[in-house]
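Convention: sequence-line order gives letters A, B, ...; per-chain numbering from 1.
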Amino acid sequence: MKFCTVKQYFDDENNNNVTNGIATTVIPLPNKHLKIKANNKEMEQYEQELLRNVMPQELTKLILAANYLNFKEALDFFCRTVANAIQNKSVDYVRKFFGLESDFEPGEEEKLCKEFAWSFEGVDED
Amino acid sequence: MDGSGLTQQPKKQKLNEERDVVDRNIKCLHNLPEEILRYILSLLPTKDAIRTSVLCKRWEYLWTSIPNLYFDGSELAKRKNFMNFVERVLLLRDSSDIKTFTLYCDVLRDASHVSAWISAAVRRNVQQLYIRLCNFREPFSLPHSLFTCMTLTELELEMPCILKLPPTICFTNLKTLNFRYVTFSNEYLTQKLFSGLPVLEQLDLDYCKWVNIKVVSISAPKLLYIGITEDTENQNDEKGCRVMISGVSLNVFYYFGEFYNEYRVYNSSSLVDASIFVDWSLQRQRQVAHRMYVLLTGFYRVKKLLLTNSTLEALTNAEVVELLPHLPIFKNLEYLGFDESLVNLDSIALLKILQKSPRLKRMVFSEGISLSSDYERNDRILDPVPPCFLSQLNCIKVYDYEGDEEELSAVKILLKNAVVLDKMVITCSHHFAKDLENLNKVHEQLLKLPRGSKHCELVFDLNLS
């Protein structure tokens with residue numbers, strides 16, 4: 001694979017502990033991906049495992065690494081994992097997942113919810 | 001208080017503080033670059049993507065570039081919210097191109113709103129448009145801009161009302177077109193529509209009506225597939241419409257209906273696969289038979305033909321039976337299949353078709369066969385024996401077998417006459433496969449039947465899958 005960019009990435013990154021974490025997850029990915037590309041069910045299982053073992057912060061690192069390495073399939077896979085994780089979840093859940101805090105004025109948020117009321121039907125309770 | 005407890009607590013607190021500091025430095029998902037966040041949003045269903053508007057200020061308009069919009073307002077109870085939602089989303093959405101736009105809704109008295117929404121999608125260079133509208137309480141027309149949309153490649157339009165066509169129609173890039181429940185009422189403009197499809201490859205006309213239209217010619221030079229399912233409701237016009245289909249590139253033809261309209265396929269040298277599933281009532285048999293015959297004559301080059309028992313029965317109408325010997329030779333026909341219902345082998349139409357198919361290699365009866373057990377008469381069913389039975393027919397498959405006398409008689413006559421048969425596969429119905437007592441008996445019966453072909457293998461399939 002793209003060995004020069006990989007080496008460059010290691011050189012750039014300051015925090016060695018974090019780099020090692022990424023190395024063990026991202027680098028084996030091309031092989032695993034190639035092996036299980038055809039098999040959707042295995043991908044789903046792998047995705048479940050990933051979500052369980054990897055904290056949202058780690059997922060951020062994985063996405064950034066895949067983006068930097070220009071590794072399209074991995075980037076796509078991780079983004080889909082995030083999308084699947086937040087699908088049909090409540091606003092609070094999604095905020096927690098992304099590490100966000102509401103910075104709306106009181107009443108602003110309510111107004112938005114009212115405008116988009118139809119999209120709030122049938123959302124999972126926390 | 002325990003001495004050791006006192007000393008342990010401050011240590012623990014210190015560790016937690018350290019971890020907090022580290023935590024704050026580690027990037028959170030929300031710090032991902034904007035393009036990646038937008039990409040994630042584009043992977044979500046429309047509802048979920050737009051809900052992120054509420055997360056925080058930075059996210060309020062992040063969703064506005066999602067390329068695919070899906071609006072299903074089938075639930076009437078939430079209508080007001082739905083209408084407001086669609087209005088708002090289309091108002092706020094940025095000017096980037098829309099790739100897929102799906103709208104399922106009841107129109108009621110909001111015709112102008114619905115039309116405006118479709119217009120908005122067209123303005124943003126939509127490529128795939130899926131529209132299902134119903135419940136019109138006022139006249140409705142699609143925006144004119146839709147009919148000259150250069151970016152449209154796929155259009156699905158389900159609209160049980162009259163399709164009002166504008167004077168200018170040009171679908172330059174449309175490859176897939178599906179009309180459902182649409183009523184065509186202007187002969188001139190409808191003809192213009194079906195002449196302005198330069199790159200169309202797939203056309204489906206489901207339950208469409210032709211009102212006050214005598215003839216229409218569908219001539220799409222790149223058309224590969226056409227499927228027509230006729231409306232089963234009685235049409236007002238006695239004669240219906242004559243639909244002429246130019247099959248210059250056509251590979252596959254599918255028809256299901258009662259021939260309320262007439263269909264002819266011409267220039268059909270590339271047609272490989274044709275299916276004609278017909279339904280008919282006694283008082284219309286004559287018309288159905290004629291139209292069936294006309295359609296069949298256009299299929300003389302097909303390799304695969306799928307019919308039903310009703311098709312055969314329709315063709316045995318007195319007037320048309322006279323014409324059967326004049327059927328063209330199906331010179332390329334290799335596969336003849338029957339679907340929908342049991343086929344009665346005692347059919348002059350079947351015999352004639354078989355006699356006109358010199359290269360037939362395979363016959364498949366998906367819903368089984370039968371023949372009345374009149375031994376004397378049965379020998380004359382295949383008289384004269386079709387040439388394909390003597391030199392080409394190498395595989396016959398019979399499904400839904402239950403071991404009756406009638407089925408056995410039918411299998412007997414086929415085995416006797418197909419003298420170059422390699423394989424006869426008899427598959428049991430699910431129901432019969434459970435009758436363990438009789439299965440063996442029936443299998444024995446089949447194995448004892450005399451075979452015209454010395455090397456023929458009889459496979460008895462219990463259909464356990």
Asker: Applying a heavy-atom distance below 4.5 Å, give me the residues of residues 87-114 of chain B that approach chain A, sorted by number.
Answerer: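 Near chain A, by residue number: B:R88, B:V89, B:L92.
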Asker: Can you tell me if B:T151 uses its side chain to pair, donor with acceptor, with the backbone of B:Q127 under 3.5 Å?
Answerer: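 No; judged by distance alone, with no hydrogens or angles, the pair does not exist.
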Asker: Highest number of heavy-atom pairs under 4.5 Å with chain A: which of B:V86, B:L37, B:D72, B:T52?
Answerer: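 The option with the most such pairs is B:D72.
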Asker: Return the option, out of B:V54, B:L44, B:N84, B:N81, with the maximum number of heavy-atom pairs under 4.5 Å with chain A.
Answerer: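 Among the listed options, the one with the most contacts to chain A is B:V54.
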Asker: For the atom pair CG (B:L155) and NZ (B:K175), what is the distance rounded to the nearest 0.5 Å?
Answerer: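 Output value for this atom pair is 15.5 Å.
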Asker: What's the shortest heavy-atom distance between B:M159 and B:I162, and which atoms?
Answerer: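 Shortest heavy-atom contact: CE-O, 4.2 Å.
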Asker: Pick one of side chain, backbone, both or neither for B:L41, based on which atoms fall under 4.5 Å of a heavy atom in chain A.
Answerer: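 No part of B:L41 comes within 4.5 Å of chain A.
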Asker: Is the ring pair A:W118/B:F85 parallel, tilted or perpendicular, if the boundaries are 30 and 60 degrees?
Answerer: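 It falls in the tilted class, 30° to 60°.
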Asker: Taking only residues two or more places apart in sequence or in another chain, which ones pass side chain to side chain donor-acceptor pair (under 3.5 Å) with B:R137?
Answerer: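 Residues passing side chain to side chain donor-acceptor pair (under 3.5 Å) with B:R137: none at all.
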Asker: Of all of A:L112, A:I86, A:I63, which one pairs up most often with chain B through heavy atoms under 4.5 Å apart?
Answerer: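 That would be A:L112.
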Asker: Report the option among B:G73, B:C56, B:P45 that has the most heavy-atom pairs separated by less than 4.5 Å from atoms of chain A.
Answerer: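 Answer, by heavy-atom pair count under 4.5 Å with chain A: B:C56.
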Asker: Tell me whether the count of non-hydrogen atoms from other residues, nucleotides or ligands lying under 6.0 Å of NZ in A:K111 goes above 12.
Answerer: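 No - once you tally the heavy atoms of other residues, nucleotides and ligands closer than 6.0 Å, there are 12 at most.
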Asker: With a cut-off of 6.0 Å (strictly less than), are more than 12 heavy atoms of other residues, nucleotides or ligands near OH of B:Y335?
Answerer: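 Correct, the count exceeds 12.
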Asker: For the pair A:F97 and A:Y93, name the ring-plane relationship: parallel under 30°, tilted 30 to 60°, perpendicular over 60°.
Answerer: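 Aromatic pair A:F97/A:Y93 classed parallel.
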Asker: Select one option (side chain, backbone, both, neither) describing which atoms of A:E108 are under 4.5 Å from chain B's heavy atoms.
Answerer: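 Only the side chain of A:E108 comes within 4.5 Å of chain B.
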Asker: Considering residues, nucleotides and ligands other than B:E138, do more than 12 of their heavy atoms fall under 6.0 Å from its CD?
Answerer: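 Buried by this count: over 12 neighbours within 6.0 Å.
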Asker: Heavy-atom pairs under 4.5 Å with chain A - which of B:I40, B:D48, B:L43, B:L55 has more of them than the others?
Answerer: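 Maximum pair count with chain A is reached by B:L55.
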Asker: Between B:K57, B:E75, B:M83, B:K80, which residue shows the highest count of heavy-atom pairs closer than 4.5 Å to chain A?
Answerer: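 Winner by heavy-atom pair count: B:K57.
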Asker: Between the main-chain N or O of B:L62 and the side-chain N or O of B:R38, is there a donor-acceptor pair closer than 3.5 Å?
Answerer: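 Present.
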Asker: Is it the backbone or the side chain of A:N67 that comes under 4.5 Å from a heavy atom of chain B, or both, or neither?
Answerer: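 Only the side chain of A:N67 comes within 4.5 Å of chain B.
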Asker: Where on B:F82 is there a heavy atom nearer than 4.5 Å to chain A: the side chain, the backbone, both, or neither?
Answerer: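 B:F82 touches chain A through backbone and side-chain heavy atoms alike.
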Asker: For A:K96, is there an ion pair with A:D92 - N to carboxylate O distance below 4.0 angstrom?
Answerer: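 The answer is no: the pair does not qualify as a salt bridge.
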